[in-house]
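Owing to the predicted nature of the structure, the values given are computational and were not obtained by experimental measurement. All residue numbers refer to positions in the sequence shown, counting from 1.
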Amino acid sequence: MNIDYVITNPPFSVNKELNQNSQYYYMQFLNSYIDGVKNTVWILPESWYYNNVVFETSRRLLYGKLRLLKLVKVPEWQDIDAKWAWLIKTESRSPNTVHFVVPDYEATVPQDMFWNRILPKYKDIYDWLQTPFQCPICGLKHNHLEKRCDRLYFNEYVLSSNLFNIKTNSDLESTNTQSNDIQVITNKGLKAISIDRIPKHARKYVGKWKIVTNYTSGENIEFILVKPSQVVSESFLVVYATDTQDDAINTLTYLNSPFVKKLMNSVRYNRHITKTSFYYVPKKEWEILINV
């Protein structure tokens, strides 16, 4: 018999005598039909997918067959423990890619990258994102994954792309030109520009201390400090601006911490760094309060 679609929900029974939990039964159930249908859709709580047994077993079963892994929020009216669930779609044929969807990000990536880099990295910060804490903004208890208070997160500071409207290949002056007093940091070195060429809405940032990073970067994201009277080309993203050097240095230290970079990489699966990359990064002033 040929079956086009099978939609399943995991069994929640537990066999204490055999010391086998519901994850074991679910994987056995999945294994019983995964090769016999064209398409399968299966739903399980997010925490299950970070169980070592489920992760390793499903990798063996689904490698080359997984087409979509989507994290969805469970409606509040459903009387179940999980707040989030993976919606998984499989196919027996088609290319070796998977479409991965989490809050504020989605991408189609090769299976090797998904299993070896993306999902394990997302697993590493799962517990931290799910741990309830007393929010310093609203005073209520919630977690980072639900993100109820936008003002708690660093993406509020991140400025628009190409803030100073300077193309990388622009015909800029050399820094030894006396008539120009604003330096431009580009991928081709230090250049100079007149204030007239900077948009009016961006001129207020020229005299500030700025923290920038390359708009495109590998996993080793680096933040650098830009002095007043210096600006950057479109190759860089301004992620923070302040009037004082001390504040800039403290923020720079925070952003260059392994914790921040791991959070950024958990939702960034291409080379671009945008506001979305800072979606789960808490503001530096809440570092102690939320026990990072």
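The two atoms that bring I273 and N214 nearest to each other are CD1-O, 3.6 Å, heavy atoms only. Shown here for A202 and L163, the closest heavy-atom pair between the two residues is CB-O, 3.4 Å.
Screening residues 216-250 for ring-ring contact (aromatic ring centres under 6.0 Å, His included), with sequence neighbours left out, gives F154-Y240, Y157-Y240. The list of salt bridge (charged side-chain N to carboxylate O under 4.0 Å, His left out) pairs with a residue in residues 241-262, not counting sequence neighbours, reads D124-K262, K208-D243, E222-K261, D247-K284.
Shown here are the salt bridge (Lys or Arg N to Asp or Glu O under 4.0 Å) partners of D150, two or more places apart in sequence or in another chain: K147. With sequence neighbours left out, H99 forms a ring pair (Phe, Tyr, Trp, His ring centres under 6.0 Å) with no residue at all. Checked against salt bridge (Lys or Arg N to Asp or Glu O under 4.0 Å), D112 has no partners two or more places apart in sequence or in another chain. Shown here are the salt bridge (Lys or Arg N to Asp or Glu O under 4.0 Å) partners of K275, two or more places apart in sequence or in another chain: there are none.
Annotation: side chain of V238 is not in contact with side chain of I211 (no heavy-atom distance under 4.5 Å). No side-chain heavy atom of V232 sits less than 4.5 Å from a side-chain heavy atom of V184.
Note on Y215: it does not cluster hydrophobically with I221, by side-chain heavy-atom contacts below 4.5 Å among ILVMFWY residues.
Using a 4.0 Å cut-off between a side-chain N of Lys or Arg and a carboxylate O of Asp or Glu, E156 and K283 qualify as a salt bridge.
Two rings, from Y280 and Y153, have their centers 6.0 Å or more apart.
For the atom pair Q183 CD and I185 CD1, the distance stands at 8.0 Å (nearest 0.5 Å).
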